[in-house]
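I have placed the structure first, in the form of structure tokens, so that the comments after it can refer back to it.
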There are 2 protein chains.
Amino acid sequence: MPRPRGFDEDTVLDAATDLFWRRGYAATSVRDLGAAMRLSAPSLYNAFGDKQGLFARCLDRYLDGTMRARIRRLESGKPPRRAIEAFLGEIVAASLEDPRGCLLVNVAQELGPHDAAIASLVAARTAELEGFFLRALRAGQAEGRIDAGLPAEDMARLLTTTVFGLRVLARSRPDRALLHGAARQAIAMLIPPAKEPAP
Amino acid sequence: MPRPRGFDEDTVLDAATDLFWRRGYAATSVRDLGAAMRLSAPSLYNAFGDKQGLFARCLDRYLDGTMRARIRRLESGKPPRRAIEAFLGEIVAASLEDPRGCLLVNVAQELGPHDAAIASLVAARTAELEGFFLRALRAGQAEGRIDAGLPAEDMARLLTTTVFGLRVLARSRPDRALLHGAARQAIAMLIPPAKEPAP
DNA sequence: CAAGTTATGTAGCGGACGGTATAGAACCAT
DNA sequence: ATGGTTCTATACCGTCCGCTACATAACTTG
């Protein structure tokens, strides 16, 4: 019967995720990770393999716990346009409050050009986000609450791109007027002209 | 009379800029820089002070040579709406072709949270970009070629945020449909409804 | 008790990091 | 020729990097 672990895995993964999120992958050392996680190097390597393996665990865990959860919650709890508005509102609020930004976006920028697995993951998650917007846009257009004058695909793409931009600005220029204004305009473009007849 | 330098400054700065642009600051070592610049370490330090000093030189030079030049060119050569359309078109084309993305955006993400000077620089350059959009939007609204139904400020903010997003996607998800679609929608929102009376 | 399995702590590995010391080189002026 | 100034090359510094060796610890089973 092996010796039991002396740490709680969720707790140490939270600590590691936070460091990677703040500093990026290259600028986060294994010693700093160990200190934050309160683990010696052999314990850390024993439990997670190596720096890269730990990073992958942190990233997977982060991704399952943030964007997907938000999409699920909003998609199931609100009408289409409200879901988009709430999504953007939450992203702006988070971006103003948390200078870490979004780990996916951070990783996309840092590792995307050099790491095929990361680029692949970014593609998949980007598609999920776009998919959420597209579903909501189509449903909203069908019920006449979202402007049907332009393709929902392009709207979804602009919203997706906007979210990426907001998340970079979170780290470097979290200006209330800028972020709120961008979201306000993005939402405004959804509104059908007053002349749009109900379907 | 001192010994003349054995290198061309522009050439070595180009080489260094390229490395920082591709890899980011933390993941670029002084040895790699030296190799790319074909300078020994003492020569590099003698000429540029230290890694940080070299980085600052590269960044200043990049910033003067890219966004400002583009804004100047488009602003003086095209009508307002055309200038915005061309700007976005060029950003999309560059983003599809060059996986380095944009050094300002890369730096914003990597160093923005930890380096007040960088955050300050990002703020200033973001304001310049926003200023370009705002001038063009106002002029376009005044001549009736851009929708005056929403505040030009919010439009400028969304366009600015979109550019940041496009530049992150350049590194991680340079998908033609996504980037072109986002730009197409951003441009479409500028168009006044057919009912908008000319001023 | 011993055996087996995995976890943890101290100490250390080889190599990479940003940067420096020092000697000699390249140039002009006297 | 010497003197003065800055530039460059080789070698090196102290420290940090990701990771490992090895002894001991913690647990269950027989």
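Treat the numbers as computed from the prediction; the structure is a model and nothing was measured.
Salt bridge Glu75(B)/Arg68(B): absent, no basic N to carboxylate O contact under 4.0 Å.
Shown here are the side chain to side chain contact (heavy atoms under 4.5 Å, CB included) partners of Asp60(B), two or more places apart in sequence or in another chain: there are none.
One interatomic measurement links the two molecules: CG of Leu19(B) to C1' of dG18(C), which rounds to 16 Å at whole-angstrom precision. If you take CG of Asn46(A) and C1' of dT5(C), they are 11 Å apart, rounded to a whole angstrom. Whole-Å rounding puts the Phe7(A) CZ to dT6(C) C1' distance at 11 Å. Between Leu44(B) atom CG and dG19(C) atom P there is a gap of 10 Å when expressed in whole angstrom units. For the pair Asp8(A) CG and dA7(C) P, the computed distance is 15 Å after rounding to whole Å. Rounded to whole angstrom, the span from the CG atom of Leu33(B) across to the P atom of dG19(C) amounts to 11 Å. A straight line from CZ of Arg5(B) to P of dC27(C) spans 15 Å, rounded to a whole angstrom. Protein atom CD of Glu9(B) is 11 Å distant from nucleotide atom P of dT8(D), rounded to whole Å.
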request  = Starting at the 5' end of nucleotides 9-19 of chain D, put B wherever the base has a protein heavy atom under 4.0 Å, S where only the sugar-phosphate does, and a dash everywhere else.
outcome  = BB------BBB
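Each of Asp18(B), Asp32(B), Asn106(B) was compared with Arg23(B) under the side-chain hydrogen bond (donor to acceptor under 3.5 Å, both in side chains) criterion, and only Asp32(B) meets it. Among the candidates Asp154(B), Thr160(B), Thr162(B), the single residue satisfying the side chain to side chain contact (heavy atoms under 4.5 Å, CB included) test with Leu158(B) is Thr162(B).
If you check the side chains of Thr11(A) and Asp14(A), you find no donor sitting under 3.5 Å from an acceptor.
For Gln52(B), the CD atom sits in a loose shell: 12 or fewer heavy atoms of surrounding residues, nucleotides or ligands are nearer than 6.0 Å.
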